[in-house]
Amino acid sequence: MNTLIRAARPWGQALSDVTIVAGEAGGKITGVEPHDAGRAVPDGVTVVEGRGRILLPSFSDVHVHLDSTRIGLPFREHTGGPGVWTMMMNDRQNWRNAEVPLQDRVNDTLGRMIARGTTRVRSYAQVDVDCRLERFDAVAAAKEKFAGQASVDIIAFPQAGLLLEEGTVELMEEALKAGANVMGGIDPCTLDRDPAKHLDIVFGLAEKYQVPIDIHLHEPGELGVFSTDLVLERTRALGMQGKVTMSHAYQLGSVNEATTRRLIDAFAELDVSLASVAPSASGQLPIPLLTEAGVRLGLGEDGQRDYWSPYGNTDMLDRTWQLAFTHGFRKDELIEHCLAIATIGGASILDPNATRLKDAAHRPGVEVGDPAELLLVDGETVASTVMDRGKDRTVIHAGKVVADQLELV
């Protein structure tokens, strides 16, 4: 099926007519030409009116907890305490008591994400002795339900650690056998307190099932650097270049300039990627330096109005604004770069062979040969679109319109 996007502005540039084709292997952009108001439309070609809107790659949310969401439910007072274990126990005590079943919550949240422009997703699915595979099953069912509207990767995620509760490792392996396609880890030092054993299990299962790795790292300063060095050591030894992502990792830039430079160089050498949720924390690795070094960097919404946090609204454009704001970016180029991170940057984490951002001015994803994963959104410029979080949106996945005006089609 061929589609013509008429009178759109790729990355806010000149009005263009963009041709895309849908296919079983995913849609592709087949033509980008200057807009011609008199252009004849061949029979059988579907027309999507750009109406002068900005054409962007669709969003890639590479750090979201679909299994913990409370989006769409009555606002709930936050009852969590400090620390990962305390927050996890608060979630454990409450997640089954929500007003609607888990499956409905997961489906609704993923649907809202797609309607707002996200067509590529990497979601965590908590696996532990309390929920076993129940939360994984809910995310897997949502992945299947929306298979025609978004692609979803699932991380088998040991939120409660791997070593603290007997039987967790076996359940993680069950999830991988059941279709989880990313192996998760978390705070090897502060949670499990045995970083070597924790990471040996993570890398061992990833190698056994031939899946990439995502490590949640909340650990501060030098301790976080220590855990990261252990991850880098195993990445090099096991030949897992391009298959490891560090998530959060928001204190790795807090030790000193030499350590920051060393870590960035190591991430670039071993092709270790970073996933941010745009926290307000100080001490983060600088985005411009990461980009200059060729480190893949993506963005995600984390938990959304769940038992961990009242923040999140399924809108990656809003989270892009937050990324720019928390880093103090004011120049248009850097604000636009945040949008490139939220779209193409995340896509390169999901597929290391995909287009990568070359520098802060690189704006790929809307050229001939690129995947037809696209978003039309209103705005004067790309930077103004981030500031205003435009609502006039049309979402395209695999060459087909899947949402319009914030509603699924």
Side-chain angles (χ1 to χ4, degrees), residues 62-63 83-84 185-200 202-203 212-300 322-331 333-335 337-338 340-341 345-346 348-349 352 356-362:
V62 294
H63 186 118
V84 171
I186 181 172
D187 295 337
C189 290
T190 57
L191 192 56
D192 272 341
R193 296 180 179 271
D194 190 339
K197 187 172 183 179
H198 178 99
L199 291 172
D200 284 347
V202 170
F203 277 83
I213 289 169
D214 183 289
I215 304 286
H216 251 57
L217 191 71
H218 309 98
E219 295 172 351
E222 293 184 356
L223 187 60
V225 172
F226 174 76
S227 289
T228 299
D229 282 336
L230 295 180
V231 171
L232 296 172
E233 178 183 277
R234 285 160 175 76
T235 302
R236 179 179 286 108
L238 296 172
M240 291 201 64
Q241 291 90 336
K243 298 180 180 179
V244 176
T245 300
M246 300 298 293
S247 280
H248 292 306
Y250 41 66
Q251 286 254 308
L252 293 184
S254 68
V255 177
N256 55 52
E257 186 176 344
T259 301
T260 293
R261 187 72 260 176
R262 177 178 68 80
L263 288 176
I264 291 175
D265 288 346
F267 287 164
E269 176 201 349
L270 297 172
D271 199 10
V272 171
S273 59
L274 282 168
S276 174
V277 297
S280 60
S282 60
Q284 300 177 65
L285 294 173
I287 287 177
L289 293 182
L290 289 164
T291 302
E292 289 170 12
V295 177
R296 290 173 293 138
L297 177 62
L299 183 64
Q322 184 173 318
L323 182 65
F325 180 78
T326 55
H327 283 266
F329 293 158
R330 298 190 180 197
K331 291 184 177 180
E333 180 178 281
L334 291 175
I335 294 169
H337 183 50
C338 289
I341 288 168
S348 72
I349 289 178
R356 300 183 179 208
L357 296 175
K358 298 175 182 177
D359 53 48
H362 190 203

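Numbers here are sequence positions counted from 1.
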Undergrad: Which value, rounded to the nearest 0.5 Å, describes the distance between Leu252 atom CG and Leu290 atom CG?
TA: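 With rounding to 0.5 Å, CG (Leu252) is 9.5 Å from CG (Leu290).
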Undergrad: For the side chain of Arg296 and the backbone of Asp271, is there at least one donor-acceptor N/O pair under 3.5 Å apart?
TA: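 Judged by distance alone, yes, a pair lies under 3.5 Å.
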Undergrad: Could you measure the distance from the NZ atom of Lys358 to the CZ atom of Arg356? Nearest 0.5 Å is fine.
TA: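 One gets 12.5 Å once the value is rounded to the nearest 0.5 Å.
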Undergrad: State, to 0.1 Å, how close Leu334 and Ala360 come at their nearest heavy-atom pair, and which atoms those are.
TA: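 Shortest heavy-atom contact: CD2-CB, 4.3 Å.
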Undergrad: Closest approach of Asp214 and Ser247, non-hydrogen atoms and distance?
TA: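 Shortest heavy-atom contact: OD2-OG, 3.0 Å.
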Undergrad: What I'd like to find out is whether the side chain of Leu289 reaches to under 4.5 Å of the side chain of Leu285, using heavy atoms alone.
TA: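 With C-beta onward as the side chain, the pair stays apart.
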Undergrad: Just verifying a value: how many Å separate Met240 CE and Ile213 CD1, rounded to the nearest 0.5 Å?
TA: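 The distance works out to 4.0 Å.
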Undergrad: Which residues pass the ring pair (Phe, Tyr, Trp, His ring centres under 6.0 Å) test with Phe267, not counting sequence neighbours?
TA: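 Ring pair (Phe, Tyr, Trp, His ring centres under 6.0 Å) list for Phe267, sorted by chain: empty.
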Undergrad: List the residues meeting salt bridge (charged side-chain N to carboxylate O under 4.0 Å, His left out) with Arg261, not counting sequence neighbours, and say none if there are none.
TA: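 Checked Arg261 against salt bridge (charged side-chain N to carboxylate O under 4.0 Å, His left out); matches are Asp265.
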Undergrad: Grab the two heavy atoms, one from Pro286 and one from Thr260, that are nearest each other, plus how far apart they are.
TA: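 Looks like CD-CG2, 3.9 Å.
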Undergrad: Taking His248 for the side chain and Val277 for the main chain, is one N or O donor matched with an acceptor at less than 3.5 Å?
TA: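 No, His248 side chain to Val277 backbone: no donor-acceptor pair under 3.5 Å.
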Undergrad: How would you list, by chain and number, every residue that makes a salt bridge (charged side-chain N to carboxylate O under 4.0 Å, His left out) with Asp194, sequence neighbours excluded?
TA: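 Checked Asp194 against salt bridge (charged side-chain N to carboxylate O under 4.0 Å, His left out); zero matches.
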Undergrad: Taking all non-hydrogen atoms of both residues into account, name the closest pair between Ser273 and Thr245 and its distance.
TA: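 Taking Ser273 first and Thr245 second, the nearest heavy atoms are OG-OG1, 2.7 Å.
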Undergrad: Quick one, Pro288 and His337 - any side-chain contact, counting heavy atoms below 4.5 Å?
TA: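 Sidechains of His337 and Pro288: no contact.
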Undergrad: CG/Leu299 to SG/Cys338 distance, rounded to the nearest 0.5 angstrom?
TA: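 One gets 8.0 Å once the value is rounded to the nearest 0.5 Å.
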Undergrad: Please determine whether side-chain contact (heavy atoms from CB on, under 4.5 Å) holds for the pair His218 and Leu191, giving the CA-CA distance in whole Å, both sets of side-chain angles, and the decisive distance to 0.1 Å.
TA: CA-CA 10 Å; His218 309 98; Leu191 192 56; over 6 Å; no
Undergrad: What's the shortest heavy-atom distance between Ile264 and Ala293, and which atoms?
TA: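 Heavy-atom minimum between the residues: CG2-CB, 3.5 Å.
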Undergrad: Can you list everything that forms a ring pair (Phe, Tyr, Trp, His ring centres under 6.0 Å) with Phe226? Sequence neighbours excluded, please.
TA: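 None.
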Undergrad: Is there side-chain contact between Val84 and Asp187, with at least one heavy-atom pair below 4.5 Å?
TA: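 Yes; the side chains approach each other to less than 4.5 Å.
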Undergrad: Run the numbers on Ile349 and Leu297 for side-chain contact (heavy atoms from CB on, under 4.5 Å), then give the verdict.
TA: CA-CA 7 Å; Ile349 289 178; Leu297 177 62; 5.9 Å; no
Undergrad: List the residues meeting salt bridge (charged side-chain N to carboxylate O under 4.0 Å, His left out) with Glu269, not counting sequence neighbours, and say none if there are none.
TA: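 Here the qualifying residues are Arg236.
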Undergrad: For a quick test of reading the model, state the closest non-hydrogen atom pair linking Leu323 to Ser276 and the distance between them.
TA: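 Closest approach of Leu323 to Ser276, heavy atoms only: CD1-OG, 4.1 Å.
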Undergrad: Step through the shown structure and confirm whether more than 12 heavy atoms of other residues, nucleotides or ligands are within 6.0 Å of CD on Glu222.
TA: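 Not buried by this count: 12 neighbours or fewer within 6.0 Å.
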Undergrad: So Leu232 and Met246, side-chain contact (heavy atoms from CB on, under 4.5 Å) or not? Walk me through it.
TA: CA-CA 10 Å; Leu232 296 172; Met246 300 298 293; over 6 Å; no
Undergrad: Could you walk me through whether Leu217 and Gln251 pass the side-chain contact (heavy atoms from CB on, under 4.5 Å) test, one step at a time?
TA: CA-CA 9 Å; Leu217 191 71; Gln251 286 254 308; over 6 Å; no
Undergrad: Side chains of Val272 and Val231: does their closest heavy-atom pair fall under 4.5 Å?
TA: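 Answer no - side chains too far apart.
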Undergrad: Roughly how far apart are His362 NE2 and Glu333 CD, rounded to 0.5 Å?
TA: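 Separation between the atoms: 12.5 Å.
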Undergrad: Nearest 0.5 Å please: distance from the CD1 atom of Ile287 over to the CD1 atom of Ile341.
TA: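 Output value for this atom pair is 4.5 Å.
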Undergrad: Please name all residues satisfying salt bridge (charged side-chain N to carboxylate O under 4.0 Å, His left out) with Asp200, sequence neighbours left out, ordered by chain then number.
TA: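 By the salt bridge (charged side-chain N to carboxylate O under 4.0 Å, His left out) rule, Asp200 matches Arg234.
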Undergrad: For the pair Glu219 (side chain) and Ser227 (backbone), establish whether a donor and an acceptor sit closer than 3.5 Å, ignoring hydrogens and angles.
TA: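 Absent.
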